[in-house]
There are 2 protein chains.
Amino acid sequence: MARAATTSDVFNAIAEPQRREILVLLRAGERPVTELAQELGMPQPGASKHLRVLREVGLVRDRKAGKQRLYGLDARGLRPVHEWSGGFEQFWNESFDRLDAYVHVLEQAGQEE
Amino acid sequence: MARAATTSDVFNAIAEPQRREILVLLRAGERPVTELAQELGMPQPGASKHLRVLREVGLVRDRKAGKQRLYGLDARGLRPVHEWSGGFEQFWNESFDRLDAYVHVLEQAGQEE
DNA sequence: TTGATACATGCCTATATAGGTATATGTTGG
DNA sequence: CCAACATATACCTATATAGGCATGTATCAA
């Protein structure tokens with residue numbers, strides 16, 4: 001099997017660089033698809049597809065505005081990501097010390113492999 | 001093309017649930033592959049593969065310990081994830097108000113599609 | 001109704017896995 | 001050197017996209 005469907009997982013949805021780009025762009029406010037596609041330098045169908053994924057995981061909302069469809073950010077789904085990664089904060093702060101010690105051990109061990 | 005190679009991107013590496021599990025387990029300290037495989041309820045080759053991906057993006061370090069190979073956490077690579085998602089913090093806090101207003105607009109507009 | 005504009009979808013292709021199984025590699029002890 | 005244990009890899013299969021292109025659909029204006 002390939003990776004789990006991006007459709008049901010925020011972590012998968014933001015694994016795609018261009019989708020992260022879209023989210024960043026939307027912080028500035030709602031945007032129609034065409035404008036997003038243009039700013040991302042990709043064809044419109046591509047932008048629509050990414051927006052669909054983002055919509056399905058709930059990171060984006062859309063509303064009709066006449067001929068256009070405005071997409072807007074709903075960042076609540078990113079909170080779990082922030083919290084999960086935050087659970088490692090103490091570790092990346094300790095990292096320097098730990099790695100120093102660790103590298104030391106390796107050197108003394110003769111640095112195999 | 002499929003998604004970009006997970007090998008060169010931390011966001012892709014943590015898109016896989018079991019890899020996130022591994023990182024969490026490693027917060028408790030270094031572990032040999034077999035033990036991780038057992039705790040994750042997956043065959044050893046599977047654990048080795050996930051560990052390889054994590055190693056290639058730098059989230060994990062390994063050192064030989066006799067017959068075993070101990071894997072340890074190097075959480076520094078998660079910092080960018082935390083910071084990126086943190087860039088949306090103000091938005092998920094505002095979300096309730098915004099969405100309330102937003103839903104209101106939709107209702108008044110006649111709630112199309 | 002016709003034409004133009006703005007999107008969403010369908011279809012097709014190439015590719016990157018996730019998993020499972022079998023096997024190669026490396027290490028230790030006798 | 002041989003057997004046993006711990007891992008990493010090679011292979012093979014099924015599947016989920018990312019992208020490109022063509023086309024369907026909805027909305028608005030004349």
Side-chain angles (χ1 to χ4, degrees), chain A residues 1-22 26 30-57 60-72 106 109-113, chain B residues 1-22 26 30-57 60-72 106 109-113:
Chain A
M1 300 170 201
R3 203 167 306 172
T6 137
T7 279
S8 48
D9 183 349
V10 173
F11 281 89
N12 258 306
I14 64 171
E16 227 290 325
Q18 305 202 280
R19 283 199 288 264
R20 288 200 298 280
E21 269 281 340
I22 290 177
L26 291 180
E30 295 178 314
R31 298 276 176 83
V33 180
T34 307
E35 198 175 312
L36 288 171
Q38 200 172 348
E39 298 194 67
L40 292 172
M42 63 158 68
Q44 171 266 314
S48 279
K49 286 172 190 171
H50 283 311
L51 284 167
R52 179 178 184 173
V53 173
L54 291 172
R55 195 194 327 158
E56 292 179 331
V57 299
V60 147
R61 297 270 183 171
D62 66 297
R63 70 183 175 89
K64 284 190 175 181
K67 212 182 303 184
Q68 300 183 138
R69 181 175 289 268
L70 297 181
Y71 279 88
L106 277 186
Q111 184 67 300
E112 29 204 339
E113 201 261 351
Chain B
M1 299 171 202
R3 201 169 307 171
T6 137
T7 279
S8 49
D9 185 349
V10 172
F11 282 90
N12 258 304
I14 65 171
E16 227 290 326
Q18 304 201 282
R19 283 199 288 264
R20 288 201 297 280
E21 270 281 343
I22 289 177
L26 291 181
E30 295 178 314
R31 299 277 176 82
V33 179
T34 308
E35 198 176 313
L36 288 171
Q38 200 173 349
E39 299 192 66
L40 292 171
M42 62 159 68
Q44 170 266 314
S48 279
K49 287 173 191 169
H50 283 312
L51 285 167
R52 178 178 184 173
V53 173
L54 292 172
R55 195 193 328 159
E56 291 179 331
V57 299
V60 146
R61 298 268 182 172
D62 66 298
R63 70 181 175 91
K64 286 190 173 181
K67 212 181 304 184
Q68 299 183 140
R69 181 176 287 269
L70 297 180
Y71 279 88
L106 278 184
Q111 182 66 301
E112 29 203 338
E113 201 262 351

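When reading the values below, keep in mind they use all heavy atoms of this one structure, side chains included, and skip hydrogens, waters and symmetry mates. Numbered from 1 within each chain, the chains take letters A, B, ... in sequence-line order.
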Under the side-chain hydrogen bond (donor to acceptor under 3.5 Å, both in side chains) test against A/Tyr71, which residue among A/Glu35, A/Glu30, A/Arg61, A/Arg55 passes?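 One option only clears the test, and that one is A/Arg55.
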
Does atom CD of B/Gln38 have more than 12 heavy-atom neighbours, drawn from other residues, nucleotides or ligands, at distances under 6.0 Å? no

Euclidean distance, atom [atom1] of residue [X] to atom [atom2] of [N] [Å, nearest integer]:
X       : N      : atom1 : atom2 : value
A/Leu36 : C/dA6  : CG    : P     : 14 Å
B/Asp9  : C/dA16 : CG    : P     : 14 Å
A/Arg63 : D/dT27 : CZ    : C1'   : 16 Å
A/Leu40 : D/dG19 : CG    : C1'   : 14 Å
A/Lys64 : C/dT5  : NZ    : C1'   : 14 Å

For the backbone of A/Leu36 and the side chain of A/Arg31, can you confirm whether one donor and one acceptor N or O come within less than 3.5 Å of each other?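 Between the backbone of A/Leu36 and the side chain of A/Arg31 there is no qualifying donor-acceptor contact (under 3.5 Å).
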
Tell me if a side-chain donor or acceptor on A/Arg20 pairs with a main-chain N or O of A/Ile14 at a distance below 3.5 Å. yes

Residue pair A/Gly66/A/Glu16 against DNA chain D: nearer the 5' end by closest nucleotide is A/Glu16

Could you go over nucleotides 6-9 of chain D and give all protein N or O partners under 3.5 Å, atom names and distances?
| unit_1 | atom_1 | unit_2 | atom_2 | d |
| --- | --- | --- | --- | --- |
| D/dT7 | OP1 | B/Arg69 | N | 3.3 |
| D/dT7 | OP2 | B/Thr34 | N | 3.1 |
| D/dT7 | OP2 | B/Thr34 | OG1 | 2.2 |
| D/dA8 | OP1 | B/Tyr71 | OH | 2.4 |
| D/dA8 | OP2 | B/Ser48 | OG | 2.3 |
| D/dA8 | N7 | B/Gln44 | NE2 | 2.7 |
| D/dA8 | N6 | B/Gln44 | OE1 | 3.4 |

Does OP1 or OP2 of C/dG19 have a side-chain N or O of B/His50 closer than 4.0 Å?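 Looking at the OP1 and OP2 atoms of C/dG19, one of them is under 4.0 Å from a side-chain N or O of B/His50.
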
Rounded at 0.5 Å granularity, tell me how far CG in A/Asp62 sits from CZ in A/Arg52.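 That separation rounds to 11.5 Å.
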
Check each of A/Leu54, A/Leu70, A/Val60 against A/Leu26 using the side-chain contact (heavy atoms from CB on, under 4.5 Å) test, and report the only one that passes. A/Val60

